[in-house]
Chemist: 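Supplied in structure tokens, the structure appears directly below.
Because the structure is a prediction, the values reported are computed rather than measured. Chain naming here is simple, since letters A, B, ... match the order of the sequence lines and numbering starts at 1 in each.
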Protein chains: 2
Amino acid sequence: MPKTPLQLIQRCHSTPTVSCSQCRLASICLPISLHVEDVDRVDSIIQRGRPLQKGDYLYHAQDKFHAVYAVRSGTVKTIASTNDGKEQVTGFYLPGEILGLDGVATNVHTNSAIALETSAVCEIPFDKLDELGAHIPNLHRHMFRLMGREIGTEQQLITLLSKSNADERVATLLLSISSRNGRRNLSVTSFRLPMSRADLGNYLGLTVETVSRTLSRFQKQGLIEADKKEITITNLDALRKLADISLFDCA
Amino acid sequence: MPKTPLQLIQRCHSTPTVSCSQCRLASICLPISLHVEDVDRVDSIIQRGRPLQKGDYLYHAQDKFHAVYAVRSGTVKTIASTNDGKEQVTGFYLPGEILGLDGVATNVHTNSAIALETSAVCEIPFDKLDELGAHIPNLHRHMFRLMGREIGTEQQLITLLSKSNADERVATLLLSISSRNGRRNLSVTSFRLPMSRADLGNYLGLTVETVSRTLSRFQKQGLIEADKKEITITNLDALRKLADISLFDCA
DNA sequence: CTACTCTCTTGACCCACATCAAAGCCGGCG
DNA sequence: CGCCGGCTTTGATGTGGGTCAAGAGAGTAG
């Protein structure tokens with residue numbers, strides 16, 4: 001039975017076509033191959049969620065956990081709240097990425113997920129996915145990889161927060177967003193930062209002011225051009241030299 | 001078929017007896033019940049590793065991933081190295097805890113694991129565990145919980161690193177180690193910090209000096225008594241008030 | 001016993017980033 | 001149009017914790 005190379009589906013996903021009417025799990029997750037009929041089986045349990053507007057909650061902390069979510073378009077952030085009311089942005093999720101894996105441990109979401117802009121999200125019931133795994137041998141391993149990747153990403157963020165200064169943090173995040181947009185190795189590349197300076201700062205453990213200042217300085221130094229949320233990386237090598245820790249580049 | 005309540009095995013684990021000659025997975029992981037024969041099946045794939053001396057590596061970063069490890073006695077730390085040679089302590093693992101889940105995503109460990117003192121560790125081949133899951137329905141879900149817990153723990157550390165000052169960080173860690181030692185709600189409790197001040201600081205994103213100063217001040221304020229690595233919490237409530245973020249208390 | 005090393009503690013100083021403050025920019029709406 | 005509220009930028013000032021330096025213990029080897 002022929003395998004479905006990921007490349008194909010992924011291309012379909014990054015430039016959506018009519019035929020790609022449903023999210024395809026295989027295209028969202030890590031690069032392994034599934035049998036064609038398995039891809040279909042997996043896809044059949046995926047629900048297309050209603051579109052999210054900016055500020056809409058996908059789920060709240062304390063909600064019962066029943067599904068993970070794949071971002072089709074737009075951007076979603078996850079935040080965790082501490083006892084004393086502080087909020088920590090724990091992740092940004094771009095198209096093709098999976099969120100909602102918090103909650104697997106306790107069956108309750110520990111984060112809230114909020115759309116940063118108009119977004120489309122697919123819902124993947126976790127129990128059904130788990131059941132399907134009994135018939136599709138690779139699927140469980142696949143899900144483990146998914147969670148393992150989340151662990152890896154978080155460890156890199158921990159290192160970043162623990163060991164880096166403001167320049168390194170901001171540079172790292174710019175490179176991360178850029179490469180997750182598929183602009184991995186272009187020497188000059190521009191993209192949109194979908195989140196506010198406040199969200200950026202919160203995620204990176206910095207204040208709004210520091211983020212803003214750092215971006216301004218990067219611009220003066222000719223590393224980037226920044227117009228509000230539109231960013232152009234003009235000196236990739238210099239930016240890379242700043243960001244010794246590569247966030248999200250693991251897999 | 002009767003279920004094996006976790007309580008029983010766990011008690012066996014925390015005060016090892018002759019009959020508990022092998023680590024029992026069920027006793028190490030999250031509180032779910034397995035059928036008795038399933039517990040045996042799972043245990044049958046577990047290898048008892050050779051004892052580790054202080055400073056010994058359990059595995060190195062870049063090693064091929066083939067197993068996760070359960071700490072039976074002693075303490076193990078995991079560290080991640082950045083491109084430019086900095087090292088980040090990503091976790092401390094006490095008896096009954098599982099490490100090695102980094103590497104699930106890429107089949108290569110991204111951390112190194114090092115014994116902080118003489119330690120005994122069991123090796124659980126991941127592939128075999130995964131295979132067993134086909135016969136033991138709960139097992140896969142169990143492993144998901146395990147990884148989900150790791151994700152939760154890391155998110156709490158991220159919040160701690162991003163939002164807290166030195167006092168909060170140190171207080172949080174003390175409470176975490178204390179409760180993981182089983183001294184959860186005793187108003188006066190003492191325990192041993194198995195890691196050096198340097199490791200503590202590295203983990204918490206602080207310098208050795210700051211850790212030392214903070215502990216000294218806690219002592220002056222009557223929150224704790226500290227004699228080198230021996231710690232006694234003398235004012236639990238005050239310490240709790242400092243540490244708004246509860247590390248490792250999720251599950 | 002001394003000498004050496006490693007870890008921990010304490011003090012003095014300094015700097016990166018937080019905080020406080022103010023002004024610019026932009027979109028929405030009456 | 002002009003007003004208002006949110007987001008961003010920039011400047012001025014303050015401070016928590018990093019850095020540097022010097023001892024103090026404690027363990028180990030000789």
Chemist: Judged by each residue's nearest nucleotide on DNA chain C, which is more toward the 5′ side, A:Arg217 or B:Lys228?
Modeler: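 The residue closer to the strand's 5' end, by nearest nucleotide, is B:Lys228.
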Chemist: Rounded off to whole Å, could you give me the CG-to-P distance for the A:Leu116 and D:dC7 pair?
Modeler: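 Spelled out: CG on A:Leu116 to P on D:dC7 is 12 Å.
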Chemist: Checking all strands, does A:Ser196 fall into the base, sugar-phosphate, or nothing category for heavy-atom contacts under 4.0 angstrom?
Modeler: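 Counting heavy atoms under 4.0 Å across all strands, the contact made by A:Ser196 is with sugar-phosphate only.
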Chemist: Which is true for A:Leu215 with a 4.0 Å heavy-atom rule: it touches a base, it touches only sugar-phosphate, or it touches nothing?
Modeler: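 No contact at all - A:Leu215 keeps every heavy atom at 4.0 Å or more from the nucleic acid.
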Chemist: Rounding to an integer number of Å, can you tell me how far B:Asp199 CG sits from C:dC6 P?
Modeler: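 My rounded result for the distance is 16 Å.
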Chemist: Look at atom NZ of B:Lys54 and say whether more than 12 heavy atoms of other residues, nucleotides or ligands are closer to it than 6.0 Å.
Modeler: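 Counting other residues, nucleotides and ligands, NZ of B:Lys54 stays at 12 neighbours or fewer.
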Chemist: Using atom CG of B:Asn202 as one end and atom P of C:dT7 as the other, report the distance to the nearest whole Å.
Modeler: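 Roughly 14 Å, once rounded to whole Å.
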Chemist: Does OP1 or OP2 of C:dA18 have a side-chain N or O of A:Thr210 closer than 4.0 Å?
Modeler: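 Answer is yes, contact under 4.0 Å.
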Chemist: Kindly say if A:Thr207 contacts the phosphate of C:dA18, meaning a side-chain N or O under 4.0 Å from OP1 or OP2.
Modeler: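 Checking A:Thr207 against C:dA18: at least one side-chain N or O falls below 4.0 Å of OP1 or OP2.
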Chemist: Whole-Å distance between C:dA18 C1' and A:Leu204 CG?
Modeler: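 Nearest whole value for this atom pair: 15 Å.
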Chemist: Does A:Lys229 have a side-chain nitrogen or oxygen under 4.0 Å from the phosphate oxygens OP1 or OP2 of D:dT8?
Modeler: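 Affirmative; the distance criterion is met.
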Chemist: Near B:Gln62 CD, under 6.0 Å, is it more than 12 heavy atoms from other residues, nucleotides or ligands?
Modeler: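 Check fails, neighbour count at 12 or below.
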Chemist: Look at all strands and tell whether A:Ser216 reaches a base, only sugar-phosphate, or nothing, counting heavy atoms closer than 4.0 Å.
Modeler: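 Result for A:Ser216 = sugar-phosphate.
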Chemist: Measure from the side chain of A:Leu206, starting at C-beta and using heavy atoms only, and say which of D:dG18, C:dA18, D:dT8 lies closest.
Modeler: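 Out of D:dG18, C:dA18, D:dT8, the nucleotide with an atom closest to A:Leu206's side chain is C:dA18.
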Chemist: Calculate the interatomic distance between B:Glu209 atom CD and D:dA24 atom P; express it in whole Å.
Modeler: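 Roughly 17 Å, once rounded to whole Å.
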Chemist: Take atom CG of A:Leu193 and atom P of D:dT9, then tell me their distance rounded to the nearest Å.
Modeler: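 Value for this atom pair: 11 Å.
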Chemist: Take atom CD of A:Gln219 and atom P of D:dT10, then tell me their distance rounded to the nearest Å.
Modeler: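 Those two atoms, CD and P, are 8 Å apart.
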Chemist: Please determine, for the side chain of A:Arg213, which listed nucleotide (D:dT9, D:dG11, D:dT19) has the closest atom?
Modeler: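 That would be D:dG11.
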Chemist: Looking only at heavy atoms, what is the nearest atom pair of B:Thr234 and B:Val188, with distance?
Modeler: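 Closest pair (atom of B:Thr234, atom of B:Val188, distance): O-CG2, 4.3 Å.
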Chemist: Remember a base hit wins even if backbone is also touched, and classify A:Gly205 as base, sugar-phosphate or nothing at under 4.0 Å, heavy atoms.
Modeler: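 The residue A:Gly205 makes sugar-phosphate contact but no base contact.
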Chemist: To the nearest Å, give me how far apart CG (B:Leu161) and C1' (D:dG17) are.
Modeler: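 Interatomic distance, CG of B:Leu161 to C1' of D:dG17: 14 Å.
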Chemist: State which of C:dC17, D:dA21, D:dT8 makes the closest approach to the side chain of A:Asn165.
Modeler: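 Side chain of A:Asn165 sits closest to C:dC17.
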Chemist: Would you mind reporting whether B:Leu193 and B:Leu174 have side-chain heavy atoms less than 4.5 Å apart?
Modeler: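 They are in side-chain contact.
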Chemist: Can you name the closest pair of heavy atoms from B:Tyr203 and B:Leu157 and give their distance?
Modeler: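 Scanning both residues completely, I find the closest heavy atoms to be CE1-CD2, 3.6 Å.
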